[in-house]
Amino acid sequence: MRSLKRLIYIALAGCFILLAGSCTRNNGDIGEWFGTWQLTSIEVNGVPQEGYQRNYFWKFQNNIIGLIRVATGEATHNRDERYGTWEETDDMLILNFSYHDDENADGDATAGPYVPFPELHLPYNERIRLAITQRTGSSMTLVYHASGDDTYTYHLKKQS
């Protein structure tokens with residue numbers, strides 16, 4: 001009986017060690033990208049976008065990016081979320097918001113969880129290339145050259 005208890009304790013300890021050692025950030029560490037970044041300002045052709053309320057957040061986990069818009073105003077506690085994928089290559093952040101599901105038709109750029117917020121000036125249904133012009137562990141600057149003559153600069157600050 002005593003050896004059975006000992007065997008059970010050893011088995012439980014082994015299971016605990018396996019579980020503790022297998023914890024990752026959703027298929028692995030993605031380095032300094034991981035976490036929540038607040039979009040502190042947006043510039044359009046070098047001019048700060050008027051009226052921006054610092055209420056957008058970009059969340060990176062694995063290859064998923066979540067864009068979050070927090071409602072501003074007194075006693076307002078709701079948020080809206082949009083999703084896409086991301087990858088980094090050659091000092092470029094590439095975003096993809098071309099997904100759909102059973103409730104959100106392919107090509108519907110007017111609404112749904114896979115369409116970037118219009119206020120961010122990011123197109124739907126194409127791969128968006130943003131140049132990483134500055135990045136530290138706590139801040140980042142991204143530049144998007146839109147079709148036409150407009151250039152958008154996004155300044156982000158790490159939250160967690």
Side-chain angles (χ1 to χ4, degrees), residues 19-73 76-160:
L19 287 174
S22 66
C23 293
T24 65
R25 295 180 183 174
N26 193 18
N27 291 334
D29 187 353
I30 58 172
E32 61 191 352
W33 288 102
F34 183 81
T36 303
W37 296 76
Q38 181 181 19
L39 181 57
T40 57
S41 67
I42 303 171
E43 295 174 11
V44 182
N45 299 323
V47 177
Q49 183 170 314
E50 286 190 39
Y52 178 64
Q53 300 176 355
R54 300 173 57 114
N55 60 326
Y56 288 86
F57 297 85
W58 299 23
K59 294 182 77 165
F60 294 89
Q61 184 173 5
N62 195 12
N63 70 331
I64 304 296
I65 183 169
L67 301 177
I68 300 168
R69 177 177 56 202
V70 178
T72 58
T76 304
H77 300 288
N78 63 342
R79 67 189 207 169
D80 192 11
E81 297 184 36
R82 307 296 171 92
Y83 300 97
T85 57
W86 70 276
E87 64 183 274
E88 177 186 9
T89 183
D90 299 326
D91 292 327
M92 298 294 285
L93 173 64
I94 301 170
L95 304 179
N96 186 352
F97 292 96
S98 61
Y99 300 98
H100 58 91
D101 58 25
D102 291 341
E103 296 178 20
N104 301 280
D106 184 18
D108 183 3
T110 59
Y114 310 109
V115 179
F117 298 109
E119 301 86 1
L120 299 180
H121 312 284
L122 299 170
Y124 169 71
N125 215 12
E126 65 182 73
R127 291 171 52 89
I128 307 159
R129 298 176 59 84
L130 297 106
I132 304 166
T133 60
Q134 180 270 329
R135 179 174 55 175
T136 68
S138 62
S139 66
M140 173 169 37
T141 302
L142 306 170
V143 176
Y144 170 57
H145 299 286
S147 58
D149 295 330
D150 291 328
T151 298
Y152 300 94
T153 305
Y154 305 93
H155 299 277
L156 296 107
K157 182 177 180 186
K158 183 85 175 251
Q159 299 297 300
S160 62

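Just so you know, these numbers use all the heavy atoms, side chains as well, and skip hydrogens, waters and symmetry mates. If you read the sequence from its start, that first residue is 1, and numbering goes on from there.
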Asks: Does NZ belonging to Lys59 count more than 12 external heavy atoms closer than 6.0 Å?
Replies: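 Atom NZ in Lys59 is not packed in, count stays at 12 or less.
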
Asks: Side chains of Arg82 and Pro116: closer than 4.5 Å at any heavy-atom pair?
Replies: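 When only atoms from C-beta onward are counted, Pro116 and Arg82 do not touch, as no gap falls below 4.5 Å.
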
Asks: Take atom CZ of Arg129 as the centre, draw a 6.0 Å sphere, and report whether it contains more than 12 heavy atoms from other residues, nucleotides or ligands.
Replies: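 No, CZ of Arg129 has 12 or fewer neighbouring heavy atoms, counting only those of other groups under 6.0 Å.
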
Asks: Tell me which one of Phe117, Tyr83, Tyr56 satisfies side-chain contact (heavy atoms from CB on, under 4.5 Å) with Leu67.
Replies: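 Between Leu67 and the candidates, side-chain contact (heavy atoms from CB on, under 4.5 Å) is satisfied uniquely by Phe117.
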
Asks: Working note: Leu95 + Trp58, criterion side chain to side chain contact (heavy atoms under 4.5 Å, CB included); need CA distance, chi angles, decisive distance, verdict.
Replies: CA-CA 12 Å; Leu95 304 179; Trp58 299 23; 4.3 Å; yes

Asks: Within the 4.5 Å heavy-atom criterion, are Asp150 and Asn45 side-chain neighbours or not?
Replies: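 A side-chain contact under 4.5 Å exists here.
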
Asks: Taking the ring of Trp37 and the ring of Phe57, is the distance between their centroids below 6.0 Å?
Replies: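 Aromatic pair excluded; centres sit 6.0 Å or further apart.
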
Asks: Is a side-chain N or O of Asn55 found less than 3.5 angstrom from the main chain of Ala71, in a donor-acceptor match?
Replies: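 Judged by distance alone, no pair lies under 3.5 Å.
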
Asks: Looking at every heavy atom in both Pro123 and Ile128, which two are closest together, and how far apart are they?
Replies: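 Heavy-atom minimum between the residues: O-CD1, 3.2 Å.
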
Asks: Using a 4.5 Å cut-off on heavy atoms from C-beta on, say whether the side chain of Arg127 contacts that of Glu87.
Replies: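 They are in contact (side-chain heavy atoms under 4.5 Å apart), so the answer is yes.
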
Asks: For Asp90, does the CG atom sit with more than 12 other heavy atoms under 6.0 Å from it, leaving out its own atoms?
Replies: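 For Asp90, atom CG is not crowded (no more than 12 foreign heavy atoms under 6.0 Å).
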
Asks: Using modelled atom types and a 3.5 Å cut-off, is there a donor and acceptor pairing between side-chain atoms of Gln38 and backbone atoms of Arg54?
Replies: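 Yes.
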
Asks: Do you know which two heavy atoms are closest between Thr151 and His145, and how far apart they sit?
Replies: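 Residues Thr151 and His145, closest heavy atoms: OG1-ND1, 3.1 Å.
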
Asks: Between Lys158 and Thr136, is there a donor-acceptor pair closer than 3.5 Å when you use the side chain of the first and the backbone of the second?
Replies: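 The answer is no, because no donor-acceptor pair under 3.5 Å joins these two groups.
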
Asks: Are the side chains of Tyr52 and Thr40 in touch, meaning some heavy atoms are under 4.5 Å apart?
Replies: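 Side chain of Tyr52 against side chain of Thr40, heavy atoms only: no contact under 4.5 Å found.
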
Asks: Check whether any side-chain heavy atom of Ser98 lies under 4.5 Å from a side-chain heavy atom of Tyr114, and answer yes or no.
Replies: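 Answer no - side chains too far apart.
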
Asks: Drop me the distance from Glu43's CD to Gln49's CD, to the nearest 0.5 angstrom.
Replies: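 Answer for the CD-CD pair, Glu43 versus Gln49, is 10.5 Å.
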
Asks: For the atom pair CD1 (Ile42) and OG1 (Thr153), what is the distance rounded to the nearest 0.5 Å?
Replies: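 Spacing of CD1 (Ile42) from OG1 (Thr153) equals 10.0 Å.
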
Asks: Using distance alone, with no hydrogens and no angle criterion, decide if Thr141 and Gln134 have a side-chain donor and acceptor under 3.5 Å apart.
Replies: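 The criterion, which ignores hydrogens and geometry beyond distance, is satisfied for Gln134 and Thr141.
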
Asks: Report yes or no: does His121 contribute a side-chain atom to a donor-acceptor pair with the main-chain N or O of Glu119 at less than 3.5 Å?
Replies: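 Yes: the side chain of His121 pairs with the backbone of Glu119.
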
Asks: For the residue pair Trp86 and Leu93, establish whether any side-chain heavy-atom pair is separated by less than 4.5 Å.
Replies: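 Yes, at least one pair of side-chain atoms sits under 4.5 Å.
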
Asks: Are Tyr154 and Tyr144 near enough that their ring centres are under 6.0 Å apart?
Replies: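 When the ring centroids of Tyr154 and Tyr144 are compared, they turn out to be at least 6.0 Å apart.
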
Asks: Which distance, rounded to the nearest 0.5 Å, do you find between the CG of Asp91 and the CG of Leu130?
Replies: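 So the gap between those two atoms works out to 13.0 Å.
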
